[in-house]
Amino acid sequence: MIDQQMSLRGGAARLPVRPRTGRLLVLAAVFVCAACGLVYELELVALASYLIGDSVTQASVVLSVMVFAMGIGSLLAKRLRCRAAVGFGMIEAALALIGGSSALVLYASFAWLGDSQYALVGFSLAIGVLIGAEIPLLMTLIQRVDRQDAGGAVADLFAADYVGALVGGLAFPFLLLPMLGQLTGALFTGAVNAAAGGALVLWVFRRDLSARSRWLLVLANVSVIAVLATATVLVDDFERAARRAVYGDQVRVAVQTGVQEVVVTGTDRDSLGLYLDGRLRVSARDEYRYHEALVHPAMNGPRARVLILGGGDGLAAREVLRYGDVRAVTVVELDPAVTRLARTDPALSELNGHAFRDPRLTVVGADAFPWLRADHGRYDVVISDLPDPGITASTKLYSAEFYGLVAEALAPDGRLVVHAGPLGARPQTFWTVEASVRAGGLATRPYRVTGRYAGFAASPDRGGGEDREREDWGFLLAAPGEAPQAALAVGGPEPRSLRGRELREGARAAAEARLPGLLPSTLVHPRYWEDA
């Protein structure tokens with residue numbers, strides 16, 4: 001073979017361009033391929049966090065498997081160095097196909113098989129092997145284009161690789177996700193990857209390829225780009241089918257915001273379901289039980305100014321606004337798309353009692369943690385209606401540091417209420433949150449709502465589990481100084497204060513939840529204190 005003979009002799013490639021230009025073209029290909037490789041990596045992490053949850057674990061799995069696989073790929077590439085040009089071209093075609101389709105396959109495995117963990121590991125391994133094989137082959141190619149010392153060639157290659165990784169890492173969240181979305185963004189990246197790798201080999205090194213190798217590469221790259229282009233055309237139909245498989249046939253709204261995926265199901269207020277990043281946040285069948293238990297115990301006392309952290313669906317605000325002596329309610333919601341939906345969606349706005357039309361209510365689009373650092377005055381009641389503490393992205397909002405900021409925002413006789421997760425299913429989660437509230441300078445009164453609810457929708461955010469008899473919502477009522485003694489009786493299931501044996505068990509669970517030398521704070525990763 002021509003390309004094999006040229007490589008074995010170590011001679012310079014017969015280039016259609018000057019050696020210096022050829023070297024720049026190789027480095028440009030390195031730059032593009034590195035950017036695409038990092039996009040595949042970030043795509044896997046982002047989609048796995050959405051589909052599986054626990055972003056820290058998923059990022060650790062993807063990154064560790066990929067780095068390990070890159071080492072294997074580097075070793076395997078030694079066998080291809082004698083045919084570096086055709087080997088690199090085929091590797092880029094395979095990487096473009098596997099990396100570009102990875103998001104589709106992961107989503108499909110989640111939607112129709114119910115599990116995408118094995119697919120995640122498989123794609124991480126395959127993509128890592130292919131990325132690892134790139135540098136050894138590119139090192140051979142750049143040496144044949146422009147003979148230079150090995151140290152200089154390595155420095156040039158890694159510089160282009162690192163800069164490409166930087167561009168890919170920034171392009172993913174700021175360009176690809178907002179403009180194309182996860183699935184189309186991955187397909188587009190694969191097409192760019194195939195075009196860059198194929199163009200380099202078929203143009204710069206075409207004189208070193210045999211006729212058979214040349215046609216093989218053309219066929220491979222054209223096929224890959226055709227597959228990716230076809231998938232791009234069909235991706236909308238695929239997403240609709242996958243959403244029906246996950247959420248049922250009554251999906252009315254499905255939108256990817258800058259923060260999360262928002263899905264609304266149900267045709268009216270009685271069947272409405274609101275999902276954020278695949279997790280059920282609101283079920284019209286039982287949401288009133290949760291929001292009544294969350295809001296009303298904290299409203300016993302001064303309540304002129306109320307702060308709701310989270311609660312962009314307007315349902316906690318609905319309960320607060322039932323009190324005529326409430327003068328001002330501030331809702332701090334990270335995702336403005338959720339509050340916009342709560343204002344405009346007919347079923348959701350009817351469910352929240354058109355709370356956003358009330359002139360007493362003000363909406364702030366901000367992250368609650370930094371927002372609390374600024375002085376916004378003192379509040380009589382602070383309601384923490386936030387995602388479950390077991391979700392990694394929200395753990396900072398269940399930390400001792402966060403509750404210290406809340407304590408500063410409370411009036412001297414103010415109250416805080418926190419949803420702290422299911423006490424029956426995850427006692428250590430609940431009691432770690434309780435310990436964190438106390439570490440923030442507040443005295444606590446834990447309470448729970450238990451029972452077997454008709455139509456209860458199990459979900460990570462509302463404490464559902466397989467044991468229906470143990471379903472519950474756990475809450476913490478807290479205040480500066482002494483623990484609040486507010487009455488807990490409200491409509492629906494009666495919240496029950498925890499006493500005696502439950503408190504002793506809770507103290508034991510809280511002690512076990514803390515790692516030696518660390519303050520009681522859920523900034524400690526949930527896996528350290530769940531199911532211990």
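Everything numeric here is computed off the predicted structure, so don't read it as measured data.
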Yes or no on side chain to side chain contact (heavy atoms under 4.5 Å, CB included) for Leu141 and Phe88, after CA distance, side-chain angles and deciding distance? CA-CA 9 Å; Leu141 293 177; Phe88 177 75; 4.2 Å; yes
Measure from the side-chain N and O atoms of [X] to the backbone N and O of [Y], and report whether any donor-acceptor pair falls under 3.5 Å.
X	Y	result
Ser399	Phe402	yes
Ser74	Gly132	yes
Glu333	Gly312	yes
Asp268	Ser271	yes
Thr184	Gly181	no
Asn352	Leu348	yes
Asp385	Ala316	no

Taking all non-hydrogen atoms of both residues into account, name the closest pair between [X] and [Y] and its distance.
X	Y	answer
Gly190	Leu228	C-CD1, 3.4 Å
Ser109	Leu106	OG-O, 2.7 Å
Ala96	Val224	CB-CG1, 4.0 Å
Gly37	Ile131	CA-CD1, 3.8 Å
Ser124	Leu120	OG-O, 2.8 Å
Leu27	Ala160	O-CB, 3.7 Å

Does some side-chain heavy atom of [Y] sit less than 4.5 Å from a side-chain heavy atom of [X]?
X	Y	result
Ile142	Val30	no
Ile127	Met66	yes
Arg281	Tyr275	no
Glu401	Lys396	no
Gln117	Ile52	yes
His419	Ser384	no
Asp156	Arg23	yes
Phe205	Leu217	no

Roughly how far apart are [X] [atom1] and [Y] [atom2], rounded to 0.5 Å?
X	Y	atom1	atom2	result
Met70	Leu125	CE	CG	12.5 Å
Arg279	Gln260	CZ	CD	10.0 Å
Leu187	Ile225	CG	CD1	12.5 Å
Leu219	Arg214	CG	CZ	14.5 Å
Leu334	Thr257	CG	OG1	8.5 Å
Tyr107	Glu239	OH	CD	6.5 Å

Looking at [X], I want to see if its [atom1] is surrounded by more than 12 non-hydrogen atoms of other residues, nucleotides or ligands under 6.0 Å.
X	atom1	answer
Phe369	CZ	yes
Trp203	CH2	no
Phe188	CZ	no

Which of parallel (below 30°), tilted (30 to 60°) and perpendicular (above 60°) describes Phe238 and Trp112? tilted
Side chain to side chain contact (heavy atoms under 4.5 Å, CB included), that's the test. Do Val338 and Val262 meet it? Break it down for me. CA-CA 8 Å; Val338 174; Val262 179; 4.3 Å; yes
Any ion pair linking [Y] and [X] (charged N to carboxylate O, less than 4.0 Å)?
X	Y	answer
Arg83	Asp208	no
Glu261	Arg243	yes
Arg340	Asp345	no

Does any donor atom in the side chain of Ser210 or Ser213 lie under 3.5 Å from an acceptor atom in the other side chain? yes
Given Leu372, which partner from the list Leu397, Val332, Leu309 fulfils the side-chain contact (heavy atoms from CB on, under 4.5 Å) test? Leu309
From CA spacing to verdict: side chain to side chain contact (heavy atoms under 4.5 Å, CB included), Leu272, Arg252: CA-CA 10 Å; Leu272 181 139; Arg252 289 194 296 105; 3.9 Å; yes
Any chance you could lay out the side chain to side chain contact (heavy atoms under 4.5 Å, CB included) test for Leu95 and Tyr40, step after step, and finish with the verdict? CA-CA 10 Å; Leu95 182 59; Tyr40 300 144; 3.8 Å; yes
Just checking Phe158 against Tyr162, ring centres under 6.0 Å apart? yes
